[in-house]
Amino acid sequence: MIQLDKQYEPGEVEKRWGQFWQEKNFFHADETKESPAYSIVIPPPNITGRLHIGHAFNNTLQDIIARWKRMQGYNTLWQPGMDHAGIATQNVVEKQLHAEGSNRQELGREAFVERVWKWRNESGGTITGQLKKLGCSLDWERERFTMDEGLSKAVREVFVTLYEEGLVYKGDYIINWCPRCQTALSDLEVEHKDAQGHLYHLKYPFKDGEGSLIIATTRPETMLGDTAVAVNPDDERYQKYKGKSLVLPMLNREIPLIEDRYVDTSFGTGALKVTPAHDPNDFELGRRHQLETINVMNPDGTMNSLAGSEYEGLDRFECRKKLVEDLKDSGVLVKVEDLSHSVGHCYRCRTVVEPYLSKQWFVKAKPLAEPAMKAVRDGTIKIIPKFWENTYFEWMENIRDWCISRQIWWGHQIPAWNCQSCGEVVVARKTPKTCSACSSADLVQETDVLDTWFSSALWPFSTLGWPEKTQSLERFYPTSMLCTGFDILFFWVARMIMMGLKFMGEVPFRDVYIHALIRDAEGQKMSKTKGNVIDPLEVMEQYGTDALRFTLAAFAAQGRDIKLAEDRIEGYRNFCNKLWNASRFVFMNLEDYKGSCALDEKNNLSTADRWILSRLNRATKEVNEALEAFRFNDAALTVYKFIWNEYCDWYIELTKSKLTDSGPERVAAQNVLIHVLNSALKLLHPFMPFITEEIWQKLPQDEDSIMVSKFPEFQEERTDAAVEKEMDTVMEVITGIRNIRGEMNLNPGLKLNVLVKTSNPKTQKTLQDQASYIRKLARVEQLQTGAEIEKPKVSASSVLGEMDLIIPLEGMMDFQEERNRIEKELKKIQKDLIFLNKKLSNPDFVEKAPAEVIEKDEQRKTSLSEKQVKLEIHLKTIKQGID
RNA sequence: GGGCGGGUAGCUCAGUUGGGAGAGCACCGGCCUUACAAGCCGGGGGUCACAGGUUCGAGCCCUGUUCCGCCUACCA
């Protein structure tokens with residue numbers, strides 16, 4: 001006989017089954033298998049990453065779907081892998097070097113990249129092990145890395161093709177520059193934060209010495225790169241200065257006054273200093289007016305020689321400080337205003353980003369965005385919840401070219417070579433030996449690498465072997481669903497759609513499930529600096545992985561952020577224990593069990609048996625439907641309620657009386673106990689893989705693992721509405737008795753005699769047939785039913801629909817207590833009746849409401865009235881008892 | 001500036017076609033009833049942010065107000 005401990009201990013169990021699944025290779029998807037495929041690619045975590053609660057959430061949801069689909073018989077692939085995370089990883093290794101008193105420049109590019117690989121092989125990807133701990137059924141055999149040879153080949157193929165089609169170009173533009181990381185960033189990689197700054201008003205004198213203009217700026221240090229002042233041609237105030245020149249203070253450079261309708265006459269003074277090398281709008285202005293561009297900063301954010309000898313070498317913010325002092329001293333600074341404005345920061349290191357003119361590579365986005373929008377518009381791709389589609393369209397419609405070059409060393413080096421002889425740029429799939437224009441061998445490869453998101457954009461097909469025509473690609477592309485947070489909707493999802501359509505001619509996935517962000521109990525975003533992070537690994541240690549997973553699923557209602565509170569996790573840990581102990585009970589009653597767990601319909605199934613089977617069937621339907629629609633919380637809650645509130649609270653209690661007998665009823669109960677437990681475990685398995693496997697393996701069955709067993713399916717014919725109704729009656733009586741017991745403060749151990757008066761012969765029969773249940777669960781000695789029952793004077797009673805529940809309490813009646821109870825009930829009824837009467841006497845309602853609604857209310861009114869009458873009579877006798 | 005999401009029990013949140021609101025935790029009372037005290041039984045608790053509107057009927061649909069959160073934007 002199988003015995004379980006009194007408490008479920010997750011630690012050892014999780015380790016054991018985690019290993020078992022992998023040894024058995026159950027996570028592997030076979031591309032040669034013909035059964036219908038279901039595929040998901042993991043959002044590749046950074047190799048620098050450690051599992052945080054967001055990962056845990058994201059991957060739990062994917063695993064739920066993967067395990068569910070696998071059990072449904074789909075050839076299920078969940079593709080694992082990691083992202084090389086260019087800037088983040090480079091930062092990590094540079095920090096190490098710094099600690100050693102070295103830096104990457106000292107090491108040189110080749111040695112540095114080698115060092116990063118070494119780091120990655122040794123300590124990169126700790127998250128892989130953590131995902132395994134979480135129970136993720138990823139096909140580890142297929143693990144990919146964005147810097148792998150195959151994926152690098154895909155990157156080159158895509159880059160070169162786009163270049164050949166003119167969709168990749170190189171040029172001088174203002175980009176977002178991080179002076180700390182010393183690289184360009186895409187628009188998306190800049191985080192805008194509101195900051196309290198200053199608006200400096202500066203006086204620029206006219207060259208002819210007659211008067212001056214006041215301009216306003218938030219970044220005074222950029223004035224050193226000014227090459228014009230602009231006003232709006234319609235601005236009356238400045239008409240008279242047309243065609244004049246000004247003198248740039250401090251540097252005494254002559255700059256023209258230009259006119260452009262871009263200038264907002266209502267902001268500041270209506271006069272705008274123009275710095276084409278340090279502001280995107282000024283850059284455009286400069287282009288329109290053929291202005292000189294003067295870049296006054298070094299890549300590290302210090303001022304260069306063009307800023308003048310006074311400022312050269314100073315950091316941009318030091319420069320600002322000194323310059324403002326100097327401007328004040330020389331009378332140029334007219335006034336300083338406070339101004340709150342938004343300032344861009346590097347998303348990797350939080351340094352204030354500098355708009356910076358430099359030569360970069362770009363992807364032309366518009367032509368790629370058009371089909372990507374269409375795919376969502378026509379429903380080829382479904383975004384769930386749907387409201388994210390709006391966000392997607394809005395961004396796509398205003399999409400700008402994507403800056404893809406990064407001035408770092410860790411990443412895919414751009415496959416472009418500059419000919420040192422003739423200046424030709426050679427872009428090629430294979431490293432060229434000679435210049436395509438002049439045949440010189442003097443080629444130097446572009447030093448920049450590609451944005452990490454460039455390779456991520458290819459993930460759904462590059463991981464499957466593209467550009468080779470592999471069977472995996474054939475089998476698993478397009479993938480079925482993508483599960484991710486909204487924070488990377490543009491970074492990643494949109495770009496995958498663009499690239500997938502461009503290079504595969506087909507969308508990369510059908511369903512995109514966008515989940516919410518996990519916050520702390522106060523709704524704050526979790527962050528290390530705030531110290532409010534919940535570490536999933538600690539939670540798993542403390543409460544068990546299954547409890548964490550279930551909590552996350554139960555919280556995953558669509559469209560709302562998740563405030564994670566620890567007591568919820570504890571609650572679901574208790575659920576594990578509940579399930580464990582229910583199973584313990586089942587095993588304790590199997591010592592003589594010989595049958596198979598297959599359900600023989602011809603067995604003498606009791607009412608309770610048939611009831612729980614019917615309920616199981618309903619739960620099964622709901623779970624499948626909920627998962628189909630990615631309503632994880634509904635699915636989780638359905639299983640939870642079924643197991644706890646139906647199987648445990650009622651069915652197990654009901655079987656106890658059957659199990660004490662020997663004979664067919666005991667065997668039937670055993671069969672049903674096992675069958676329902678088995679099915680419930682399967683329903684729960686996607687959410688709680690470990691505990692379900694542990695219990696399931698002990699059940700009599702001959703399959704290898706619950707994770708490859710068949711997921712329950714709804715069977716119409718298993719639904720038994722009649723028996724559910726019967727059980728409802730029984731449960732109603734039991735609850736009614738318990739209620740009286742509780743409210744009358746009767747000892748729970750006290751056996752009671754109970755009378756149920758009802759004129760409905762069917763109900764009478766039900767109660768008589770199921771009397772043993774009522775006796776056992778409500779602690780009843782004698783149960784008498786009939787139409788002509790005389791109510792003893794000293795008794796408590798309540799009205800349950802068509803039944804009068806009467807409990808004689810001679811010698812132990814607390815009349816006052818009973819009176820309170822009845823009056824409370826009557827009060828409620830009166831309130832309801834007033835409401836119903838009002839409603840039903842409203843001619844509009846009777847005239848316009850659907851017949852079934854009126855019917856329902858009429859019935860309610862009738863039964864309430866009857867109940868009222870009965871209770872009033874009862875109350876009268878109670879009052880006599882008091883007197 | 002524009003857009004989106006949200007305000008439901010003390011707390012965290014469900015509520016899928018509009019027909020008088022649910023869960024978990026917390027709280028109160030009673031139980032070691034031979035699976036489970038991480039449990040069992042019973043109970044109290046809500047002008048569904050506010051104000052209008054549509055409707056016989058609104059937590060749900062429409063308008064406005066307000067508070068919170070997020071995304072987005074080149075006003076120097």
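All values below were derived from every heavy atom in this structure, side-chain atoms included, with hydrogens, water molecules and symmetry-related copies excluded.
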Is the A:Y572-A:Y543 ring centre distance short of 6.0 angstrom? no
Distance, [atom1] atom - from [M] to [N], rounded to whole angstrom:
N: B:G39; M: B:G24; atom1: C1'; value: 16 Å
N: B:A21; M: B:G5; atom1: C1'; value: 23 Å
N: B:C11; M: B:U54; atom1: C1'; value: 36 Å
N: B:G52; M: B:C48; atom1: P; value: 14 Å
N: B:U47; M: B:C28; atom1: C1'; value: 25 Å
N: B:C50; M: B:G45; atom1: C1'; value: 23 Å
N: B:C40; M: B:A49; atom1: P; value: 33 Å
N: B:A38; M: B:C61; atom1: C1'; value: 44 Å

Spacing of [X] atom [atom1] relative to [N] atom [atom2], expressed in whole Å:
X: A:N633; N: B:G22; atom1: CG; atom2: C1'; value: 13 Å
X: A:L836; N: B:C56; atom1: CG; atom2: P; value: 20 Å
X: A:K828; N: B:G43; atom1: NZ; atom2: P; value: 9 Å
X: A:N747; N: B:C31; atom1: CG; atom2: C1'; value: 8 Å
X: A:E397; N: B:U72; atom1: CD; atom2: C1'; value: 14 Å
X: A:L654; N: B:A35; atom1: CG; atom2: P; value: 14 Å
X: A:F387; N: B:C4; atom1: CZ; atom2: P; value: 11 Å
X: A:I514; N: B:G5; atom1: CD1; atom2: C1'; value: 14 Å

For nucleotides 66-68 of chain B, give me every protein contact, N/O to N/O, under 3.5 Å, one pair per line with atom names.
none

Measure from the side-chain N and O atoms of A:R549 to the backbone N and O of A:F687, and report whether any donor-acceptor pair falls under 3.5 Å. yes
For A:R219, does its backbone N or O pair with a side-chain atom of A:T217 as donor and acceptor, under 3.5 Å?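 Checking the backbone N and O of A:R219 against the side chain of A:T217, a donor-acceptor pair under 3.5 Å is found.
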Tell me which nucleotide among [options] gets nearest to the side chain of [X].
X: A:A557; options: B:A14, B:C36, B:G19; result: B:A14
X: A:F555; options: B:G42, B:G3, B:U12; result: B:U12
X: A:F267; options: B:C74, B:C56, B:C75; result: B:C75
X: A:D264; options: B:C75, B:C71, B:A35; result: B:C75
X: A:N739; options: B:G42, B:G19, B:A76; result: B:G42
X: A:T217; options: B:A35, B:A76, B:G19; result: B:A76
X: A:L272; options: B:C36, B:C56, B:A76; result: B:A76

Answer yes or no: is there a side-chain heavy-atom contact under 4.5 Å between A:D338 and A:Q196? yes
If you assign A:D194 and A:E570 each to the RNA chain B nucleotide with the nearest heavy atom, which residue ends up on the more 5' nucleotide?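 Closer to the 5' end of RNA chain B: A:E570.
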Starting from the 5' end of RNA chain B, give me the residue, A:G270 or A:R779, whose nearest nucleotide shows up first. A:R779
Nearest 0.5 angstrom please: [X] [atom1] to [Y] [atom2], how far?
X: A:I514; Y: A:E389; atom1: CD1; atom2: CD; answer: 10.0 Å
X: A:I774; Y: A:R779; atom1: CD1; atom2: CZ; answer: 15.5 Å
X: A:E743; Y: A:K824; atom1: CD; atom2: NZ; answer: 3.5 Å

State the pairing partner of [N]; accept Watson-Crick or G-U wobble contacts with both distances under 3.5 Å, and report none otherwise.
N: B:U63; value: B:A51
N: B:G10; value: B:C25
N: B:G69; value: B:C4
N: B:C40; value: B:G30

Answer with yes or no whether A:Q3 presents, from its side chain, a donor or acceptor under 3.5 Å of a partner atom in the base of B:A35.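 No such pair is found, so the answer is no.
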If you look at every strand shown and take non-hydrogen atoms under 4.0 Å, does [X] touch a base, only sugar-phosphate, or nothing?
X: A:E9; answer: nothing
X: A:A216; answer: base
X: A:K831; answer: base
X: A:R738; answer: sugar-phosphate
X: A:N577; answer: base
X: A:K6; answer: sugar-phosphate
X: A:N842; answer: sugar-phosphate
X: A:G344; answer: nothing
X: A:F575; answer: nothing
X: A:C648; answer: base
X: A:P843; answer: nothing
X: A:K776; answer: nothing
X: A:V586; answer: nothing
X: A:T735; answer: sugar-phosphate

Is the shortest side-chain N/O distance from A:K641 to OP1 or OP2 of B:G24 below 4.0 Å?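 For B:G24, neither OP1 nor OP2 has a side-chain N or O of A:K641 closer than 4.0 Å.
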Only one of A:F393, A:F486, A:Y513 clears ring pair (Phe, Tyr, Trp, His ring centres under 6.0 Å) with A:W388; which?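 That would be A:F486; it is the only one of A:F393, A:F486, A:Y513 passing the ring pair (Phe, Tyr, Trp, His ring centres under 6.0 Å) with A:W388.
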Below 3.5 Å between N/O atoms, which protein atoms pair up with nucleotides 25-29 of chain B? Just atom names and distances, please.
residue : atom : partner : partner atom : Å
B:C25   : O2'  : A:D567  : OD2          : 3.1

Within 45 degrees of the axis of the six-membered ring of A:Y773 and under 6.0 Å from its centre: does A:K658 put its NZ or CZ there? yes
Compute both the distance and the angle, then confirm whether A:K838 meets the cation-pi test with A:F845: under 6.0 Å from the six-membered ring centre, within 45 degrees of the axis. no
Evaluate A:Y347 against A:F491 for ring pair (Phe, Tyr, Trp, His ring centres under 6.0 Å), listing each step before the verdict. CA-CA 12 Å; A:Y347 84 133; A:F491 271 109; 5.7 Å; yes
Should the pair [X]-[Y] be classified as a salt bridge under the 4.0 Å nitrogen-to-oxygen rule?
X: A:R819; Y: A:E823; value: yes
X: A:K335; Y: A:E337; value: yes
X: A:R287; Y: A:E284; value: no

